[in-house]
Amino acid sequence: MTTRPVRDPGHVDLIAAAWGGLVASVGLMVAGDRDLAIRLLVTAISFFVGGFLAGVRAGSRRRLHGVVAALLGVVIFAAFVALANLIATRTGPDPPDLAPGGTTEAAGVVLWSVAFAFLGASLAHRWLRPSRRRASSA
């Protein structure tokens, strides 16, 4: 029988954060340069799910994992846009904007999204936390 290695409770599981970040980045890619209301809805859903997935996968500090997943989602999206720009110089079509709607609007969407990733991770934390009743009866 194999046992899982005990991890430092302060450790951030990058695999958990990467899975959540991948889901979050897909939301940014899908939202693209659509209307602001659609972008907010799509990113809220994808970042909530990404934060939840990161929180479920993490062994501890689930909310931190949700926020790290959100930040990785933005980094993955930025890498996608950079790669699309590189490809577009050779073949076309026009690449997506890194900050659709302008820098201020894009920053607002990112902050909104990070908040939803935190909420998703908070739900995972609440869902996976042992109940006090079970803990006190043992």
Side-chain angles (χ1 to χ4, degrees):
M1 184 169 104
T2 60
T3 59
R4 291 180 76 177
V6 177
R7 294 215 171 166
D8 175 23
H11 175 79
V12 173
D13 184 355
L14 290 179
I15 298 298
W19 277 112
L22 186 61
V23 171
S25 69
V26 169
L28 286 171
M29 291 175 203
V30 168
D33 59 354
R34 290 177 169 71
D35 291 338
L36 181 59
I38 299 296
R39 286 176 44 214
L40 291 174
L41 177 66
V42 169
T43 57
I45 292 169
S46 68
F47 275 71
F48 182 86
V49 171
F52 180 79
L53 289 176
V56 166
R57 175 73 170 81
S60 64
R61 304 181 78 182
R62 290 183 171 92
R63 292 179 182 106
L64 174 64
H65 281 81
V67 171
V68 171
L71 298 177
L72 280 175
V74 173
V75 169
I76 292 168
F77 174 70
F80 165 74
V81 170
L83 185 60
N85 275 302
L86 183 66
I87 292 169
T89 60
R90 293 276 187 184
T91 63
D94 291 337
D97 259 346
L98 182 61
T103 307
T104 305
E105 187 175 301
V109 170
V110 167
L111 289 175
W112 163 269
S113 302
V114 170
F116 275 91
F118 182 83
L119 289 173
S122 294
L123 176 64
H125 174 75
R126 183 172 172 89
W127 185 45
L128 296 172
R129 183 181 60 200
S131 74
R132 290 183 185 167
R133 193 175 336 155
R134 250 188 305 162
S136 64
S137 66

Q: Using side chain to side chain donor-acceptor pair (under 3.5 Å) as the criterion, list what pairs up with Ser113, not counting sequence neighbours.
A: Thr43
Q) Is Val114 reachable from Phe77 through a run of I, L, V, M, F, W or Y residues, each pair having side-chain heavy atoms under 4.5 Å apart? A) yes
Q: May I ask whether Phe47 and Leu98 are part of the same hydrophobic cluster, defined by side-chain heavy atoms of I, L, V, M, F, W, Y residues being less than 4.5 angstrom apart, directly or through others?
A: yes
Q: Please lay out, stage by stage, how Leu119 and Phe52 fare under the test side-chain contact (heavy atoms from CB on, under 4.5 Å).
A: CA-CA 8 Å; Leu119 289 173; Phe52 180 79; over 6 Å; no
(Q) Nearest 0.5 Å, please: how far is CG in Leu128 from CG in Leu123? (A) 9.0 Å
Please list every donor-acceptor pair under 3.5 Å in which a side-chain atom of residues 83-91 meets a protein atom from a residue at least two apart or in another chain.
residue, atom, partner, partner atom, Å
Asn85, ND2, Val81, O, 3.0
Thr89, OG1, Leu86, O, 2.6
Thr91, OG1, Ile87, O, 3.1

Q.
For residues 80-120, which residue pairs pass the ring-ring contact (aromatic ring centres under 6.0 Å, His included) check, not counting sequence neighbours?
A. Trp112-Phe116
Q | Taking every non-hydrogen atom, the tightest pair across Val56 and Trp127 | A | CG2-CZ3, 4.1 Å
Donor-acceptor list for residues 62-72 side chains, cut-off 3.5 Å, not counting sequence neighbours:
residue, atom, partner, partner atom, Å
Arg62, NE, Gly55, O, 2.9
Arg63, NE, Ser122, OG, 3.0
His65, ND1, Ser60, O, 3.2
His65, ND1, Arg61, O, 2.8
His65, NE2, Asp13, N, 2.7

Q. With sequence neighbours left out, which residue pairs that include part of residues 96-105 fulfil the side chain to side chain donor-acceptor pair (under 3.5 Å) condition?
A. Arg39-Glu105
Ignoring hydrogens and angles, write down the donor-acceptor pairs under 3.5 Å from the side chains of residues 16-35, residues two or more places apart or on other chains.
residue, atom, partner, partner atom, Å
Ser25, OG, Gly21, O, 3.4
Ser25, OG, Leu22, O, 2.8
Arg34, NH1, Val30, O, 2.5

